[in-house]
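Encoded as structure tokens, the structure appears first; notes follow it.
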Amino acid sequence: ATLTGELSLVCDRCAKSFSKTKTVEYETLLAEKLENGESDDIILLDKDGQLELDELLEKVRTRQAALRERTAKSLRQSLRILRGIRFASAEGFTLEQQTLAAANALAASLNCIARERIAAELKKTLSLPNAGSVIQQTLPVFKTIFPSLSCSRQQWALICSYIKASNCRPEIAFAHLLTYTDFEKELAQLKIENILKNKIRILLENKNSVPENKKASLACLMCRLGREYTFLLVEFFISRGELDSSVRKTAALAAEGCCSLQELDLRGDDLKAIGYKGREIKAALLTLLTAVAEEKCENKKEKLLRYINQK
């Protein structure tokens, strides 16, 4: 491998001279051999004859250090794309046109950055009030981060308007970002905590199931998803403009009622005593829970037994 234009390396083990095109690869091989004391099968030649091993090893180390520095600098520059978006979102300004053009043109360099660092920057950005406005200008960046993202400029503008209305909640903003993606695939690649992933997944799995602004409807949803995820879903639909803010009050009223099997005034043993078995017990309990949520039956043991016996 040519190191300075005047050096060549011959390895008896390979019985051939290395070409110039693989200089870095063979310099690394040489450095490993020299550091491990495996120098017996290496002959180093220059115009005047054999070269000192220590001298060559120092040249190799110097070049490798320079390569590492160039690589680190390149990664820092790529990460600045995301940091620029975050700073603009935090301070409420727009990116200057040349900076914006450079960020979009160099978006592919983000593939060299660890997914954990990308996820950390995104989470910080989506927690800021002006994120939607800045993100709208950087569609190529987000198509690099989420390869399955497929949307028009108009759809992207709509997504960003939803992010603006997300009240700085990253789980809701992430769900909007992943609306036009293969979200299961993207979530698998996204290096964020599992709790946040589960919230995003719940939102995207239910994105087409807009509940009515009625206590019974929201109570049924709470029976299925639980209170926390129902309130989260309500905020998601409010940010999309599909529910108005008055639904928050309705959801709060619904949450005061019975929303889980643990709160039901009837147990599996009570159903077993009247002849229910195995899966029939769970099915009956879910039926009763739904009936209570829809206000068809009061949550009292006697009335619950009477209701299930009538079915």
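FYI, the numbering just counts along the sequence from 1.
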Side-chain ion pair, Glu295 and Lys214, N-O less than 4.0 Å
no
Taking 4.0 angstrom as the limit, do Glu298 and Lys300 come out as a salt bridge? yes
Atom [atom1] of residue position [X] - does it have more than 12 heavy atoms of other residues, nucleotides or ligands inside 6.0 Å?
X      : atom1 : answer
Gln98  : CD    : no
Ile195 : CD1   : no
Lys197 : NZ    : yes

With no hydrogens and no angle check, just 3.5 Å: does a side-chain donor-acceptor pair link Asn198 and Arg201?
yes
*Is Met222 linked to Leu203 within one hydrophobic cluster, defined over Ile, Leu, Val, Met, Phe, Trp and Tyr using a side-chain heavy-atom separation of less than 4.5 Å?*
no
With clusters defined by side-chain heavy atoms of hydrophobic residues (ILVMFWY) lying less than 4.5 Å apart, directly or transitively, does Val141 cluster with Leu122? yes
Output for pair (Leu233 CG, Ser209 OG), nearest 0.5 Å, gives 8.0 Å
So CZ of Phe87 and OG1 of Thr125: to nearest 0.5 Å the spacing works out to 9.0 Å
### Query
Under the side chain to side chain contact (heavy atoms under 4.5 Å, CB included) criterion, do Ile308 and Leu304 qualify, and how do the steps go?
CA-CA 6 Å; Ile308 200 66; Leu304 291 168; over 6 Å; no
Taking Arg267 for its side chain and Gln262 for its backbone only, find out whether a donor-acceptor pair lies under 3.5 Å.
yes
Report task. Any chance you could lay out the side chain to side chain contact (heavy atoms under 4.5 Å, CB included) test for Val292 and Glu263, step after step, and finish with the verdict? Result -> CA-CA 11 Å; Val292 172; Glu263 297 170 352; over 6 Å; no
